[in-house]
Every structure is written in structure tokens, then in C-alpha cells.
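What you see below is based on every heavy atom in this structure, not just the backbone, and it leaves out hydrogens, waters and symmetry mates. In the text below, chain A, chain B and the rest are named by the order of the sequence lines, each starting its count at 1. All of these numbers come straight from a predicted model, not from anything done at the bench.
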Amino acid sequence: MSIIKDSDESAERNYWLMKSEPNCFSLSDLKNRPEGTEPWDGVRNYQARNLLRDDIKCGDGVLFYHSNISQPAIVGLAHVVREGYPDHTALDPGSDHFDPRATEAKPIWYMVDVQYLASLSAPITRRDLSQHPGLATMGVMKKGNRLSVQPVTQGQWQAVLLLAGMDDPFTV
DNA sequence: GCCAACGTTGGC
DNA sequence: GCCAACGTTGGC
């Protein structure tokens, strides 16, 4: 929530960073989905669940981050096209993300749908981030941080786009 | 492959 | 409610 008074709707937009292991689900996997859209399922962490269920809204911007590889990096942009709804993979005994405690009435786990927007012409690596004063403080850079969905400030979002040499997809 | 950091579980 | 044990994440 911005404290700066602004009648522009863009002031309502929030920004997030979402991690994915590209061996599991990469940015190009997202791009190749129908409509470039995919449910962000399988999150099994309560802090991230709360964000998915309560805070992440349609139209929010997403930095797509590849983790657990030799060069972890922000690789692209996405946006939220459907707000928090029950993650049905928790109910599926055949799913890797099955949770026997989850029921239709009490789903426990939630997800959002994200849609591909753009790939960065060059990934922004952790080294790049660490050398940028405005980005070195990002949550993803903190040692031991393993939140797979985490908030990003508008300033960080803009700094990433500036570094990437891209126009903000949300500005006209 | 190593290992530090973290979240969760479960005994008490 | 405490806390040790454990499993997982994820950078390096």
C-alpha cells in the first residue's frame, strides 16, 4: 500500500518476486502455456500462502526468478490474472503437492494465476543485483531467504526494468 | 556436493 | 510452550 497520495490506478499495483526452479518450471514454460498463463500451484509455506490468498491482486507485477541453478537470476516479467483460489493439487493424492489435511471446505493452500509478459534481454543475476545499491537489499538477496513469493517495492521494480533496458509494461 | 538457514514436527 | 531433530531450500 502506497502512502503517496495518487489518484492514478497504477498506485494500487503491487509487485512481487516469484521463484521457480527452471528445471521444474521455467519462464519459457510459462510463455509456452496456453495464453501464457499458469496456476502458481504447489506453494507449501504459510507465509507465502498468506500472500497468495490475501495480498496478491489481479494486475500486480511479477519478477520471474530462476533459482537453484548455477546463475540464479531474474529472467522475466509476468502479471497476476487471477487472485487467490484453492490449490487443488493439495487434494490430489497423485500430486507431488498432495496434503492429506486439505479438504474442499478447508483447502489450506492457495494459488494465483500468472501470465507471461516479457523475457529480459539479459538475465539480471545475483551479482548484478548485489552491485546495485537499490537492489542489493531485495528480499531475495538476503542470506537464507527461502520465501518463494515475496514482495518487491515499486522502486525495485523500476530499477530492474532500468537495468534491463526495458519500458515498464504497466506505463502507457 | 556442501552446508547454512529456515520452517515444521513432535516428544515432553 | 519449549526445543531438538529433521527435511527442505538454495547459493556457492
Item to complete: Would you check, one step at a time, whether the test side chain to side chain contact (heavy atoms under 4.5 Å, CB included) holds for A:Glu83 with A:Tyr85?
Response: CA-CA 6 Å; A:Glu83 292 176 11; A:Tyr85 63 106; over 6 Å; no
Worksheet item: Is it true that the NZ or CZ of A:Arg33 lies under 6.0 Å from the centre of A:Tyr116's six-membered ring and within 45 degrees of the ring axis?
Response: no
Discussion item. Quick test of your reading: applying salt bridge (Lys or Arg N to Asp or Glu O under 4.0 Å), list the pairs with at least one residue in residues 40-52 of chain A, sequence neighbours left out, ordered by first then second residue.
Written reply: A:Arg44-A:Asp87
Discussion item. side-chain hydrogen bond (donor to acceptor under 3.5 Å, both in side chains) for A:Gln150 and A:Asn145? Distances and angles first, verdict last.
Written reply: CA-CA 10 Å; A:Gln150 52 184 267; A:Asn145 184 312; 3.2 Å; yes
Practice prompt. Run the numbers on A:Ile74 and A:Leu129 for side chain to side chain contact (heavy atoms under 4.5 Å, CB included), then give the verdict.
Written response: CA-CA 9 Å; A:Ile74 297 169; A:Leu129 294 173; 4.0 Å; yes
Worksheet entry | Atom CD of A:Gln47: over 12 foreign heavy atoms under 6.0 Å | no
Worksheet entry | Range on DNA chain C touched by chain A, heavy atoms, distance below 4.0 Å | C:dG7 to C:dC12
Worksheet entry | Check: A:Tyr46 ring centre within less than 6.0 Å of A:Trp109 ring centre | yes
Worksheet item: So which of residues 89-111 of chain A are in contact with DNA chain B, with a heavy-atom cut-off of under 4.0 Å?
Response: none
